Protein chains: 2
Amino acid sequence: MAKAERIRIYDVARVAGVSVATASKALNDTGRMTEATRLRVKQTAAALGFRPNAMARALTQNRSFTVGLLTNDTYGRFTLPVMAGINEALVDQGVSVFLCGIEDDAELGAVHVNAMLDKQVDGIIATGKRIDRQLPVDLSGLAVPVVYAFTQGPEGAVTLVSDDAQGARDATLHLTAVGRRRLVHVTGPDSFASVRTRAGAFREVAGDEAPVLHGAWSEAWGHEAVARLWAEGNPPDGIFCGNDQIARGVIDALRERGVSVPDAVSVIGFDNWEIVAAATRPPLTTIDMNLKELGREAGRLILELAEGKPVEPGIRTLPCKLVMRQSCGGATPVADKLEVHQEV
Amino acid sequence: MAKAERIRIYDVARVAGVSVATASKALNDTGRMTEATRLRVKQTAAALGFRPNAMARALTQNRSFTVGLLTNDTYGRFTLPVMAGINEALVDQGVSVFLCGIEDDAELGAVHVNAMLDKQVDGIIATGKRIDRQLPVDLSGLAVPVVYAFTQGPEGAVTLVSDDAQGARDATLHLTAVGRRRLVHVTGPDSFASVRTRAGAFREVAGDEAPVLHGAWSEAWGHEAVARLWAEGNPPDGIFCGNDQIARGVIDALRERGVSVPDAVSVIGFDNWEIVAAATRPPLTTIDMNLKELGREAGRLILELAEGKPVEPGIRTLPCKLVMRQSCGGATPVADKLEVHQEV
DNA sequence: CGTGATTGAGAAACCGTTTTATCAAGACTG
DNA sequence: CAGTCTTGATAAAACGGTTTCTCAATCACG
């Protein structure tokens, strides 16, 4: 469509019969001039299909309308929803996002950070796959603002995390709400902060004696946990799993044992990884961490920082929400697609 | 670390006792000068920690060292490996990647494309979740080069796809290699070009009469297909599935029926979606589409195009490769992590 | 009606590079 | 030794915008 030569502001000015200075001011709604002139310039620009060269603009304003997103989450399980939220918050402002996957390689991280800085990013958002670990790069003392989303930042940084405690509490409360009394929590390794937080919240609701089983973040561990629980007497009637993969393993194992979900046992997961949660039989009731909203918020914050507005440092906690499907019984099952995309 | 003021080339020039022109040429290995001068400038630049302002550079060279990646694959199943490859090919060249998810929204697509063009991207790579569909944006006649990776481009475009036929052939051959004779193909909807290609290749090897069952791309369909196949007499002893999710459904259904995989039946998938393939019991032998390599190639091509080098248009086909795990028997099972990351 | 304040618009400087054109000095050439 | 060729380096002009000054024309006011 648009071919060869790009329209420059110079062209707009000439056609509109004004100087470039006036044209610039007209288009940016700055400076003083007749409303008529401003309108004429704007219409001319629109008619000519003028799109300002972002590079030139960046050079003078020292703003590139670009932010960098750094992640070490290769599969994108966490990064993609966050990214979607960020983009959503920024696209209207004309801000684009550089995505850089850096594995856990410090050197690669440094390379990418430098590339970003060279490109004059207005800010950097760091995100990861684990809330209690820092990325293998030092982002402190950079000339640009940094926001940490779903990964740990240094003291005094602006950090966004989802509310593990509230999510775990809601999950456990949901189990009690559907009438379960013998609750257990099957979760990941004790070394994860979020595991400890969730386990704490679980016991807050289920009682200090309620069992918590630690293992890997895998379906296999879900199977094994069920084997253990059913080997002892008095198996649970409500299982809160640390993530959806464990939950899937648990549900599969229960079916293999002939234990009905949700009739005999309710199972609830954590993450709302749709690809897993929707494939379990029955579909998994789980906790959604609202990562997209977290991304949106991160986008908003980095923008404010980039514009020089003051942002209070510290950890901001965003609520999780319960997504009801059919693995807990009790509630009316909701159509999957609907529920998942229903968020505001 | 690096604080307040950035070092400009002006500073380097002053300290090195040369003009900015000389400094620029020294650092870019252009122009004529004593080797001594060149070296002195370079050393000064290094000592001062000079990093050129990419915006300013972009303005003169009309190259931003930036490319846009457009995708409609929300889950990142296909996009992320492609992206990883692209980044790998480009990071050494100092090129960064804008990632834009555009769902299937034409308007959103246009917004993002325009944002990219404003930022003077050197090229755009379009990728998607389906090889036979175009993205809902028109990228033809743009001022910048475009490469299509794993998505359909218009006539005469530079397009990269994985070799569905070869992959399907290899999968089927593998089933025969482990001694299977009654083969079936359980795959996705007939409307997908890759489904038809793979089915064709399957029959090429397995015989024209070999059954092909079409359904959804889901575990549920895998279950149902098994139910159907075992309802009739003479069930298959080798099943080639159109993707890993179907394969997982098939394997689960077989276990529920007490049919041993791989003793009684061999199952092979397609995609090598590790999160699925590694979680099936037994782990899934499957076909890897080499998406990362596809991304690398896309990166290389877009770079050549951006540099004005001639690139022959047309469709380039990259080979798939067989990833052996344990669902087919026959071969020595390979440790999962090893196999997956072993690629060159 | 003269004078100071306000308004609308433009000229020019600037942002940090690259690149082109220019130029002085030294190296050949005949 | 005068004239031409190289060579190494520089000044200045881009690149495409934004922003700061400056200034003439209009307006308000006593």
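Chain naming here is simple, since letters A, B, ... match the order of the sequence lines and numbering starts at 1 in each. Just so you know, these numbers come straight off a predicted model, no measurement behind them.
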Exercise for the section: Would you mind checking if Lys292(B) and Glu88(B) are paired as a salt bridge, meaning a charged N to carboxylate O distance below 4.0 Å? Expected result: yes
Exercise for the section: Return the nearest nucleotide to the side chain of Ala56(B); candidates are dG8(C), dT17(C), dG8(D). Expected result: dT17(C)
Problem - Interatomic distance where CZ belongs to Arg40(B) and C1' belongs to dA9(D) [whole Å] - result: 11 Å
Problem - Side-chain N,O (Thr34(A)) to OP1/OP2 (dT7(C)) below 4.0 Å - result: no
Exercise for the section: May I have the distance from Gln61(B) (atom CD) to dG16(C) (atom P), rounded to whole angstrom? Expected result: 17 Å
Exercise for the section: Using only heavy-atom distances, decide whether a donor-acceptor pair under 3.5 angstrom links the side-chain of Lys25(B) to the base of dT17(C). Expected result: no
Exercise for the section: Pick base, sugar-phosphate or nothing for Ser24(B), based on heavy-atom distances below 4.0 Å to the nucleic acid. Expected result: base
Practice task
Evaluate the side-chain proximity of Leu99(A) to Leu70(A): yes if any heavy-atom separation is below 4.5 Å, no if none is.
Solution key: no
Practice task
Using heavy atoms to find the nearest nucleotide of DNA chain D for Ala21(A) and Gly17(B) separately, return the residue whose nucleotide is more 5′.
Solution key: Gly17(B)
Problem - Nearest-Å distance for atom pair CD1/P, residues Ile7(A) and dG17(D) - result: 10 Å
Practice task
Return the value, rounded to whole Å, for the distance between atom OH of Tyr10(B) and atom P of dC14(C).
Solution key: 12 Å
Handout entry: Earlier contact from the 5' end, DNA chain D, for Leu59(B) and Val20(B)
Key = Val20(B)
Practice task
Determine: side-chain N/O of Thr22(B) to OP1/OP2 of dT10(D), distance under 4.0 Å, yes or no.
Solution key: yes
Problem - Spacing of Arg63(B) atom CZ relative to dT19(C) atom P, expressed in whole Å - result: 12 Å
Exercise for the section: Record whether the side chain of Arg32(A) comes under 3.5 Å of the base of dG8(C) through a donor-acceptor pair of N or O atoms. Expected result: yes
Practice task
Output yes when at least one side-chain N/O atom of Asn53(B) is less than 4.0 Å from OP1 or OP2 of dC15(C), else no.
Solution key: no
Practice task
Establish, from distance only, whether the side-chain atoms of Ser96(A) and Lys119(B) form a donor-acceptor pair under 3.5 Å.
Solution key: yes
Handout entry: Sugar-phosphate, base or nothing in reach of Thr30(A), heavy atoms under 4.0 Å
Key = nothing
Exercise for the section: To the nearest Å, give me how far apart CD (Glu35(B)) and C1' (dG8(D)) are. Expected result: 13 Å
Problem - Charged N-O contact under 4.0 Å between Asp29(B) and Lys42(B) - result: yes
Exercise for the section: For Arg6(B) and dC15(C), give me the distance from atom CZ to atom P, rounded to whole Å. Expected result: 15 Å
Handout entry: Under 3.5 Å: donor-acceptor pair, side chain of Thr44(B), backbone of Arg40(B)
Key = yes
Practice task
Determine: side-chain N/O of Thr60(A) to OP1/OP2 of dT18(D), distance under 4.0 Å, yes or no.
Solution key: no
Practice task
Please report, rounded to the nearest Å, how far the P atom of dG16(D) is from the CZ atom of Arg51(A).
Solution key: 16 Å
Practice task
Determine the contact category for Asn62(B): base if any of its heavy atoms lies under 4.0 Å from a base atom, sugar-phosphate if only primed atoms, P, OP1 or OP2 are that close, otherwise nothing.
Solution key: nothing
Handout entry: Short N-O contact, Asp118(B) and Arg6(A), less than 4.0 angstrom
Key = yes
Fill in the blank from the handout: Among dT10(D), dG17(D), dG16(C), the one nearest any side-chain atom of Arg8(A) is dG17(D)
